[in-house]
Amino acid sequence: AQSVTQPDARVTVSEGASLQLRCKYSYFGTPYLFWYVQYPRQGLQLLLKYYPGDPVVQGVNGFEAEFSKSNSSFHLRKASVHWSDWAVYFCAVTHFNTGNYKYVFGAGTRLKVIA
Amino acid sequence: DAGVTQTPRHEVAEKGQTIILKCEPVSGHNDLFWYRQTKIQGLELLSYFRSKSLMEDGGAFKDRFKAEMLNSSFSTLKIQPTEPKDSAVYLCASSRTGGTETLYFGSGTRLTVL
């Protein structure tokens, strides 16, 4: 079955440091992959999305992600974290099944930014 | 363009009550989703509509949860009767069409059942 695993429930980084949030997916076929961010008391917002093509995808606010078919991964990166990046990050994959597209979300990674 | 609007932002109910949550999707979007979000279970799909037709009703949530889409710009989620374990954030999302499109989420309704 299709699944998304975010192995790190919580990550703490210092402001200005680099960041990588990990995402592993299980999918047969061509995946469409997404990273969403959820700020406190808000819904999820799209950071970036991968459609088959260039494996490195640029998103908003300096985020990028790299798709790896061999590793079944779609890790999110940022070169320099800002305090405003303190949020929960969700990786998601969509797949086509029995006439419908289904979104599968990971459990989320809670990012804390410290001074 | 207006985003997804959910009302109310907060709801407190007594066990056994009926509550109705409301959602207005982004204008022109064909797909609408209801999710329940908890720290333990994460995001769980409750219902999925395409062009107002119910495509998926979330299996385990069938018995007390009923989502409806009376027109393309308004959806409701009824929980009847409520139980304390229903305490969660309920998120509504919409997209243009197809699973490769971006989901646009509302800010959610935080439900507390006493």
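Everything numeric here is computed off the predicted structure, so don't read it as measured data. To find a chain, count down the sequence lines: A is the first, B the second, and so on, and within it residues start at 1.
For B:Arg110, no part lies near chain A; criterion is any non-hydrogen pair under 4.5 Å. For a residue to count as touching a neighbouring chain, one of its non-hydrogen atoms must lie under 4.5 Å from one of that chain's; by this rule B:Tyr35 touches chain A with the side chain only. Heavy atoms of B:Leu45 lying under 4.5 Å from chain A are absent altogether. Contacts between A:Tyr39 and chain B at a heavy-atom distance below 4.5 Å are absent for every atom of the residue. Contacts of A:Gln38 with chain B are made by side-chain atoms alone, with heavy-atom separations under 4.5 Å and no backbone atom involved. In this structure, chain A has a heavy atom under 4.5 Å from the side chain of B:Gln37, while its backbone stays farther away.
There is a path of hydrophobic side-chain contacts, each under 4.5 Å, that joins B:Leu32 to B:Leu54. B:Phe74 and B:Tyr48 fall into different hydrophobic clusters, where Ile, Leu, Val, Met, Phe, Trp and Tyr residues are linked whenever their side-chain heavy atoms come under 4.5 Å apart, directly or through other members. Under a hydrophobic clustering in which Ile, Leu, Val, Met, Phe, Trp and Tyr are joined whenever their side-chain heavy atoms come within less than 4.5 Å, directly or via other members, A:Tyr51 and A:Leu46 fall into the same cluster. When hydrophobic clusters are built by joining Ile, Leu, Val, Met, Phe, Trp and Tyr residues whose side-chain heavy atoms come closer than 4.5 Å, directly or via intermediates, A:Leu33 is grouped together with A:Val60.
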Show your reasoning for whether side-chain contact (heavy atoms from CB on, under 4.5 Å) applies to B:Leu91 and A:Leu44.
CA-CA 9 Å; B:Leu91 293 170; A:Leu44 283 69; 3.8 Å; yes
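Formation of a donor-acceptor pair under 3.5 Å by the B:Arg9 side chain with backbone atoms of A:Arg41 is found in this model.
Pairing each heavy atom of B:Ser95 with each of A:Tyr103, the nearest pair is OG-OH, 4.3 Å.
Few gaps surround NZ on A:Lys49; more than 12 heavy atoms of other groups in view lie less than 6.0 Å from it.
Distance OG1/A:Thr94 to CG/B:Leu103: 9.0 Å, rounded to 0.5 Å. Between the OH atom of A:Tyr36 and the OH atom of B:Tyr104 there is a distance of 8.5 Å, given to the nearest 0.5 Å.
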